[in-house]
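See below for the structure under consideration.
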Amino acid sequence: MITPRTGNRVRAPRGTRGFVVFSLAASLIFAPQLSAVPAAVADTADVEEEGTIELSMTSGAHGVVQPDSSLTTSVTIDNATGDDLGAGRVTIALNNTPLADSAALAEWLDSDVAPGTFTSLTTTASDAVTASETVTMSVFTPSETLGKLADGVYPIRAQLAGAMTGNDAPTPQNITTNSVLVVDSDTTAQVSVVVPITATPAGGALLTADELTELTGPDGALTAQLDGVAGTPAALAVDPLIPAAIRVLGTAAPVSATEWLTRLETLPNERFALQDGDADATVQAQAGFAELLAPLSLASFMDEANFAETENSPTPSPSPSPTPTGPVLPTDAELTKVSSAIPRILWPVGDVNTADLVAFNTYFDADVTTILPSTSLPAYTAAHADVDGHDVLLADAAASEALSAAAGEEDAASREANIVEGVAHLSLTRPQASLLVGLDRNETRPADALRATVMSLSTIGSPVGLEALRSTEPASGTLIGTDPEAAAARAATLSDLLSDETRLTAFASILDDPLLLRSPERLQLLRVIAVGTAETFEADAAAHRSATTTTMNAVGVQEPSPIQLFTSAAPLPVWVRNDLPWPVNVKLTATPSDARLDVEPMSDVVALPASNTRVKVPVSARVGSGTLSVNFSLNSPTGVQIGVDQTASVTVRAEWENIGLGILGGLIVLLLGLGIVRTVVRRKKDRAVAESESSSESDAGGESDAAAEEVTGE
């Protein structure tokens, strides 16, 4: 038996909010001149529950309808229960009091609260819906019934009533779903939309060949980004580390990645470069940086074998043969270049003050156009503004949030509801001539969702590029300003990160090429302060600092076991641990606690990668017996302490050496004596045996002669 759900839905958090069952087939019957707002599913908090009945509505295309037009509304009933839903009736009701602003729009969609009263437009019988089936019906409202509506955003709702479920104990269903209807007669507005193109590697430095293969494959996220913007008027904000990750691989770059980069460069869309790693310029300005952080040399990511070039031999032979000329490595500027990029545009976190805007100009030695959310100003009057003497483009914050959710939504119905909300917010910011939407940093947008979202903005105005938007007459504005405590906390955290980087730079002197550590560290730091991770900045910074500490503890002296020294001179075994994937050069220093123990003071060690390397430290004892300690420490070739010092307890029993030698000598003498005695005894025994045998032979001979004489005498 199904428990009935009655009354209006409760607005769910964004992501579940705005869920609609959108019917493409129903949209085909819409009158070309009509458009209206699809509503979100009633009781969206229950959408994930199994066995519910969901109601959704959509009127026209993306919620915009011309004045004095008729209205066609598509209502969808989704019966996900195991019981049949009987026939009922659907009523469409409109509130003739327009919503005053974006705050009122949010309150209506979130809390089902709106001023004014609702008037029924039409009531239509609904069809029965069998278990686990969906039915879509079209409800038509003539223009005479709709009435003359002034431009504005109006609350609208659909209600299902009278439908029964259950056979043994029929239960009535009363479900309501809400949306808005945008009446807009102004077709002169111009709309710009900016889409960020970013991708974060798992290691935090550069995308690997395997990651690029996946991201730029047919179903890859980067491929979806380009599929979504191709053929649209969207401007692209590109992270330069994406092309850099492809170019550093040279001829070893995946074919799909090089094709993706070529496609990006040939797209006609306007584009500009984000800071490397999409790093936030705001926190750098608030930390007092004189210039923006930049990647260190990317040479350590390149293999010369992947950049060998050939040239034709100048000799006048009929068929010039290719001659290797040696590798020509691209410069960092060539690696990170974003082709055809519009210069001097920054898109930082929006919590800025006037001093930050001044710093932005300093970073580029020129006037910079900064993209900020409309919430940065107390009054949002235009997309292009002169804010405290600085050039600023203002993205409608509420519309950008809703449309960002739409662009990342795979479900077409949920996407349409978010699109309608975003369009409604844009309508409420009118009558300004230009509008700007900035989608959030989302690296997993479905291509169809991104394309549908960008193209939907044509219902509220004509597309315009960023350069054209920058050329419009700016309005005057003043920043709200930042929270000083929050800004100081961010700046302090960034300073701590840079302090760790300084310590890591000193630590990296143990490598033949310190950039093997330093360059990835800088790239990881840039990603920690990325705009897209601003909400998790403190947690990300803490994790990065912990990882840096782990790296600097990757090399050290293994904790030694107690050592017994039974001779006055012998090597002490010491193990140097190296958890890094590269060999390291260190100096091992041994310092005894007592001058009676001579120790080799310093040994040069080349510790093998990802292993423990044994080092023999020569020692000699000036004391016959005693317990001493030896302190072992590591230093880099430049004198930087590496790892934690370790102390070995050494027990000296040097007098045992003489005792042992005496005992050994005595044993040798004894063994020699025993050998001599044994030899003498054996020889005497052998002589006696020989004499006995000789005597026996003589006696036998005498008896034989006597017998012979007797025979002769006879």
Side-chain angles (χ1 to χ4, degrees), residues 15 22 24 193-274 276-278 301-303 306 330 335-341 403-416 418-419 439-457 523 527 530 532-533:
F22 179 73
L24 177 60
V193 59
V194 183
V195 178
I197 306 294
T198 60
T200 303
L206 282 182
L207 294 168
T208 64
D210 289 341
E211 288 174 320
L212 286 169
T213 298
E214 180 179 355
L215 291 170
T216 60
D219 298 323
L222 283 175
T223 299
Q225 299 276 23
L226 294 194
D227 288 345
V229 299
T232 75
L236 311 181
V238 182
D239 178 3
L241 292 187
I242 297 177
I246 299 172
R247 292 173 179 140
V248 296
L249 297 175
T251 57
V255 174
S256 62
T258 56
E259 291 176 347
W260 182 91
L261 182 57
T262 301
R263 183 184 179 194
L264 171 67
E265 293 176 337
T266 55
L267 282 176
N269 301 65
E270 285 184 325
R271 81 277 314 270
F272 64 91
L274 298 169
D276 298 289
D278 192 25
F301 291 94
M302 291 185 280
D303 185 346
N306 298 326
L335 291 172
T336 58
K337 179 182 179 182
V338 176
S339 300
S340 306
L403 292 167
S404 293
E409 181 58 66
E410 291 187 357
D411 180 79
S414 299
R415 179 195 316 147
E416 183 66 16
N418 284 312
I419 287 176
L439 300 186
D440 63 13
R441 271 71 165 179
N442 183 341
E443 298 176 0
T444 57
R445 290 189 179 97
D448 56 348
L450 178 57
R451 172 179 294 277
T453 300
V454 174
M455 299 304 291
S456 69
L457 298 178
L523 297 179
R527 296 191 189 278
T533 59

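What you see below is based on every heavy atom in this structure, not just the backbone, and it leaves out hydrogens, waters and symmetry mates. Values in this document were obtained by computation on a predicted structure and should not be read as measured data. If you read the sequence from its start, that first residue is 1, and numbering goes on from there.
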Stepwise, does the side chain to side chain contact (heavy atoms under 4.5 Å, CB included) test hold for Arg451 with Asp227? CA-CA 8 Å; Arg451 172 179 294 277; Asp227 288 345; 5.8 Å; no
Say you draw a straight line from [atom1] of [X] to [atom2] of [Y]; how long is it, rounded to the nearest 0.5 Å?
| X | Y | atom1 | atom2 | value |
| --- | --- | --- | --- | --- |
| Ile242 | Leu264 | CD1 | CG | 8.5 Å |
| Ser256 | Leu212 | OG | CG | 7.5 Å |
| Asp448 | Glu409 | CG | CD | 10.5 Å |
| Thr453 | Ile419 | OG1 | CD1 | 4.0 Å |
| Thr262 | Leu267 | OG1 | CG | 11.0 Å |
| Asn442 | Gln225 | CG | CD | 7.0 Å |

For residues [X] and [Y], report the shortest heavy-atom separation together with the two atoms involved.
| X | Y | value |
| --- | --- | --- |
| Ser339 | Glu265 | OG-OE2, 3.3 Å |
| Ala224 | Arg445 | CB-O, 3.6 Å |
| Glu410 | Pro446 | CG-CG, 3.4 Å |
| Ala199 | Leu207 | CB-CD1, 4.0 Å |
| Thr223 | Pro218 | CG2-O, 3.9 Å |
| Phe272 | Ala341 | CA-CB, 4.1 Å |

Hey, mind stepping through Leu261 and Arg247 against side chain to side chain contact (heavy atoms under 4.5 Å, CB included) and telling me if it holds? CA-CA 9 Å; Leu261 182 57; Arg247 292 173 179 140; 3.8 Å; yes
Could you walk me through whether Arg271 and Ser340 pass side chain to side chain contact (heavy atoms under 4.5 Å, CB included), step by step? CA-CA 7 Å; Arg271 81 277 314 270; Ser340 306; 4.1 Å; yes
Treating [X] as the side-chain partner and [Y] as the backbone partner, does any N or O pair qualify as donor plus acceptor under 3.5 Å?
| X | Y | answer |
| --- | --- | --- |
| Thr336 | Leu241 | no |
| Glu211 | Ala202 | yes |
| Thr213 | Ala209 | yes |
| Asp276 | Pro240 | no |
| Ser404 | Asp440 | yes |
| Glu443 | Ala221 | no |
| Asn269 | Thr232 | yes |
| Asn306 | Thr251 | no |

Exactly one of Leu457, Val193, Asn418 should register a side chain to side chain contact (heavy atoms under 4.5 Å, CB included) with Leu403. Which one does?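 With Leu403 as partner, Leu457, Val193, Asn418 yield a single side chain to side chain contact (heavy atoms under 4.5 Å, CB included), made by Leu457.
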Have Glu259 and Thr216 got a donor and an acceptor in their side chains that come within less than 3.5 Å?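 No - no donor-acceptor pair under 3.5 Å links their side chains.
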I'd like to check [X] versus [Y] (side-chain heavy atoms, cut-off strictly below 4.5 Å). Are they in contact?
| X | Y | result |
| --- | --- | --- |
| Val454 | Pro233 | yes |
| Thr533 | Arg527 | no |
| Val248 | Leu335 | yes |

Test side chain to side chain contact (heavy atoms under 4.5 Å, CB included) on Trp260 and Ile246 and set out the steps. CA-CA 10 Å; Trp260 182 91; Ile246 299 172; 4.0 Å; yes
